[in-house]
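Positions are given from 1 along the sequence. Note that this is a predicted model, so its numbers are computed, not measured.
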Amino acid sequence: VGMKVLSLILICGWFGALVAQENKPLQELRTAYESFEYRNVIQIGDKLLLRKERLTEEQLIELYVMKAVAHFSLTEEDLARRSFFEILFLHNDYQLDSTTISPKIIDFYSVVKSEFEQIMARRSEVKTEKKDSLIFPQHPQTQNDAQGKSSMLRSLLLPGWGHIYS
């Protein structure tokens with residue numbers, strides 16, 4: 001019983017250390033953001049995005065918000081727009097927190113959000129026309145049915161014989 005408890009404690013400790021290590025870069029990102037070190041925010045955020053499959057949707061949105069604010073603060077509006085688009089792809093009705101984000105950034109986000117909605121509306125308006133990929137040519141009928149049946153019967157008996165009489 002003592003070994004099982006010791007093993008369980010070691011596994012829990014190892015798992016806790018692993019989770020803490022996974023959250024370390026995200027915590028570094030938050031610290032850089034809160035210290036207004038926007039170049040570091042972008043750099044750390046880009047590193048985290050290389051392994052974005054390890055992040056939850058909530059963490060990704062938080063990361064993209066910090067990156068967008070950093071880019072906007074460094075007057076890189078196109079890159080801020082791209083980060084906001086990423087947020088909207090994840091959660092199309094996401095709202096920024098007006099208690100922690102500058103009104104200028106919230107106004108910019110509103111513009112980006114309306115652009116995003118227009119793009120998505122245009123995408124849904126695009127209509128595709130289905131066409132049949134098999135096209136059967138329409139041949140004019142050159143012979144009557146009785147003549148066609150007798151030609152087919154002749155060709156069955158001796159291949160090619162039906163063509164001679166058609």
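Between Arg81 and the options Glu76, Glu86, Glu115, His71, a side chain to side chain donor-acceptor pair (under 3.5 Å) holds for only Glu115. Screening Leu48, Ile44, Thr31 for a side-chain contact (heavy atoms from CB on, under 4.5 Å) with Leu26, the sole residue that qualifies is Leu48.
Atom CE of Met66 and atom CZ of Arg30 lie 6.0 Å apart (nearest 0.5 Å). Between the CD1 atom in Ile106 and the NZ atom in Lys113 there is a gap of 11.5 Å [rounded to 0.5 Å]. Note: Ile42 CD1 to Ser83 OG = 8.0 Å, rounded to the nearest 0.5 Å. Going from atom CZ of Arg39 over to atom OG of Ser73 covers 11.0 Å, rounded to the nearest 0.5 Å.
Proximity of Leu88 to Met120: side-chain heavy atoms (C-beta onward) are nowhere separated by under 4.5 Å. The closest side-chain heavy-atom distance from Ile101 to Tyr109 is not below 4.5 Å.
Counting only distance, with no hydrogens or angles, the side chain of Ser102 and the backbone of Lys104 share a donor-acceptor pair below 3.5 Å.
Residues Leu96 and Val111 are members of separate hydrophobic clusters, defined by side-chain heavy-atom contacts under 4.5 angstrom among Ile, Leu, Val, Met, Phe, Trp and Tyr. In the hydrophobic cluster analysis, where Ile, Leu, Val, Met, Phe, Trp and Tyr join through side-chain heavy atoms closer than 4.5 angstrom, Leu79 is grouped apart from Leu60.
A tilted orientation is assigned to the rings of Phe108 and Phe84, their planes being inclined by 30° to 60°.
Here the closest heavy-atom approach between residue Val69 and residue Ile105 is recorded as CG1-CD1, 3.8 Å. Between Leu29 and Gly45, the shortest heavy-atom distance links the atoms CD1-N, 3.8 Å. Shortest non-hydrogen contact noted between Ala80 and Phe72 is CB-N, 3.8 Å. For the pair Gln59 and Leu55, the tightest heavy-atom approach, listed with the atom from each and the gap, is OE1-CA, 3.4 Å. Across every non-hydrogen atom of Ala70 and Val41, the tightest pair is CB-CG1, 3.9 Å.
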task = Could you go through the side-chain contact (heavy atoms from CB on, under 4.5 Å) check for Asp46 and Lys67 one step at a time?
result = CA-CA 9 Å; Asp46 287 340; Lys67 270 192 62 148; 2.5 Å; yes
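Annotation: Phe85 is not in aromatic contact with Tyr64 [ring centroid separation under 6.0 Å not met].
In this structure, Glu58 places its CD atom where only 12 or fewer heavy-atom neighbours from other residues, nucleotides or ligands lie under 6.0 Å away. Shown here is Phe36, whose CZ atom has no more than 12 heavy atoms of other residues, nucleotides or ligands within 6.0 Å.
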